[in-house]
2 protein chains.
Amino acid sequence: MARSTKAAAEKTRRRILDAAEQLFYVHGVAQTSLEQIAEAAGVTRGAIYWHFADKVALFRALYEGVRLPQEDLVEQAASGGNPDPLGLLEQVACDCLKTLAADRQRQRVYAILLFRCDYLGEMAEALARQSEADAAMHANLTRLFAMAGRDGLLSPRWAPAVAERAFTAMMRGLWVDWLRYERNFDLAGVGSDCVRGLFRSFRAE
Amino acid sequence: MARSTKAAAEKTRRRILDAAEQLFYVHGVAQTSLEQIAEAAGVTRGAIYWHFADKVALFRALYEGVRLPQEDLVEQAASGGNPDPLGLLEQVACDCLKTLAADRQRQRVYAILLFRCDYLGEMAEALARQSEADAAMHANLTRLFAMAGRDGLLSPRWAPAVAERAFTAMMRGLWVDWLRYERNFDLAGVGSDCVRGLFRSFRAE
DNA sequence: GGATATACCTACATCGCTGTATGTAAAGTG
DNA sequence: CACTTTACATACAGCGATGTAGGTATATCC
């Protein structure tokens with residue numbers, strides 16, 4: 001076949017990305033060949049090499065298309081002198097779980113990033129991005145919890161640094177377990193209950 | 001070279017396993033060829049094929065050599081009518097963190113299982129084992145928390161199922177974050193503090 | 001409406017990796 | 001001391017995947 005309009009080209013690019021997302025999710029990044037992606041997208045490898053330099057570039061385009069939950073968290077909980085930072089964070093965290101639970105594409109991409117690829121060699125930059133997002137999140141939340149501690153909003157039984165780690169660990173554990181085992185519990189419901197329980201403990205004097 | 005004694009053969013088997021562990025950890029399972037493993041072990045691919053059927057078998061031997069933390073947890077917290085199941089679980093969990101923090105081999109193998117391999121195709125059984133271990137752990141802990149709830153040991157503000165999920169999520173999050181980012185916090189110290197904080201909340205009436 | 005760039009497809013050349021078959025020297029066995 | 005088995009090493013065959021070069025038909029631009 002031949003060339004179509006610019007819009008059509010963008011469409012095939014999308015089809016390639018969608019096919020890659022599906023196949024990476026089902027078979028893993030390393031186990032998926034460009035041939036398979038091309039076939040699933042209804043094109044040939046030539047089309048893929050036209051739109052992307054190689055498989056790594058394709059992978060990069062895939063994960064750059066979605067926002068990480070850490071990035072969501074850090075952005076929405078900016079907390080510029082909020083009167084109730086803990087309440088805000090609790091709300092944002094629950095929203096975050098709800099969003100993830102509803103967005104199949106995010107689920108697939110996160111699952112790929114978590115379980116469907118090994119991060120070495122060329123893929124390392126994907127890990128680097130997550131690492132940066134995590135660092136930013138920790139920095140931000142550490143400030144937030146420290147503030148809450150100073151303002152007497154955080155129970156003295158929780159050292160701010162410990163509370164921050166407990167919160168991030170629980171969040172990570174929730175979506176790791178949920179994604180890993182095929183969403184075998186109610187993330188938005190039970191997950192949010194877990195978060196609320198933890199924050200109840202944070203606030204108790 | 002030639003054949004040596006049976007003990008020497010076992011030694012080369014170990015060398016192969018050690019080399020594989022190192023390389024899988026550094027480069028990922030898929031990105032590591034048997035040739036590289038052989039070179040690192042100071043043998044040829046022939047030796048690997050003598051001791052193992054293929055790379056998958058080698059990988060299996062590797063992860064079958066260590067116990068999963070879920071298995072540790074479920075075994076040590078058997079809790080046959082323990083008067084203080086929550087206290088027991090808290091202790092076991094902290095021990096678990098301490099053990100992981102001290103055992104480099106476990107850290108590498110867990111990291112490989114978590115981040116250095118994609119679980120599809122032949123590797124799926126590795127995930128299956130973890131899945132079973134997790135299921136057993138959840139079943140056991142669900143019973144434990146339900147018991148604690150009935151006995152009035154668990155705060156009524158924590159539904160047993162939610163508490164169980166909160167605990168397992170926190171544990172998973174702790175060692176996932178710790179392993180993923182090169183042990184960038186004090187797992188035994190801060191991690192245990194997190195667990196203790198959570199259990200304090202569990203017990204508060 | 002001719003020239004050119006675009007958006008692919010086809011064909012090829014290559015290469016790393018796997019698996020297996022074969023060789024071989026030492027260790028075990030009777 | 002024959003012989004067999006063990007514990008590897010070496011050599012080979014083949015495939016699958018990658019990257020690229022070249023072809024082609026259609027938009028797009030002037």
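Keep in mind that this is a model prediction, so the values were computed, not measured. Just so it is clear: chains get the letters A, B, ... in the order the sequence lines come, proteins before strands, and each one is counted from 1.
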Next on the checklist: The test is side chain to side chain donor-acceptor pair (under 3.5 Å); show your working for A:D95 and A:Q91 and say whether it passes.
Outcome noted: CA-CA 6 Å; A:D95 288 350; A:Q91 189 57 46; 3.1 Å; yes
Next on the checklist: What is the distance, to the nearest angstrom, from the CZ atom on B:R15 to the C1' atom on D:dC8?
Outcome noted: 12 Å
Checklist entry - Given B:L86 and B:F199, is the side-chain contact (heavy atoms from CB on, under 4.5 Å) satisfied, shown in steps? => result CA-CA 7 Å; B:L86 290 186; B:F199 274 84; 4.2 Å; yes
Next on the checklist: I need the CD1-P distance between B:I37 and C:dC17, as an integer number of Å.
Outcome noted: 11 Å
Checklist entry - Between D:dT18 atom C1' and B:Q31 atom CD, what is the distance in whole Å? => result 14 Å
Checklist entry - To the nearest angstrom, how far is B:R13 atom CZ from D:dT6 atom P? => result 16 Å
Next on the checklist: One pair to check against side-chain contact (heavy atoms from CB on, under 4.5 Å): B:F145 and B:W158. What are the steps and the verdict?
Outcome noted: CA-CA 10 Å; B:F145 276 98; B:W158 282 99; over 6 Å; no
Item to check | Test: B:D103 and B:R67 ion pair at under 4.0 Å | outcome: no
Next on the checklist: Output the rounded distance in Å from OH (A:Y49) to P (C:dC12).
Outcome noted: 18 Å
Checklist entry - Hey, which of these two, B:T32 or A:I48, hits DNA chain C nearer its 5' end, going by closest nucleotide? => result A:I48
Checklist entry - Which of parallel (below 30°), tilted (30 to 60°) and perpendicular (above 60°) describes B:F24 and B:F59? => result perpendicular
Item to check | Whole-Å distance separating the CG atom of A:L34 from the P atom of D:dG16 | outcome: 16 Å
Next on the checklist: Under 4.0 Å from OP1 or OP2 of C:dA7: is there any side-chain N or O of A:T12 that close?
Outcome noted: no
Item to check | Nucleotide of C:dC9, C:dT18, D:dA9 approaching A:V43 most closely (side-chain heavy atoms) | outcome: C:dC9
Next on the checklist: I need the NE2-P distance between B:H27 and C:dC17, as an integer number of Å.
Outcome noted: 12 Å
Item to check | Nucleotide D:dT24, atom P - distance to CH2 of A:W50 in whole Å | outcome: 18 Å
Item to check | Which nucleotide in D:dT10, D:dG19, D:dT18 has an atom nearest any side-chain atom of A:K55 | outcome: D:dT18
Checklist entry - What does A:S33 touch in the nucleic acid at a heavy-atom separation under 4.0 angstrom: a base, only the sugar-phosphate, or nothing? => result sugar-phosphate
Item to check | Closest to the B:R45 side chain, choosing from C:dA7, C:dT18, D:dC8 | outcome: C:dT18
Checklist entry - Is A:H51 near enough to C:dA7 that one of its side-chain N or O atoms lies under 4.0 angstrom from OP1 or OP2? => result no
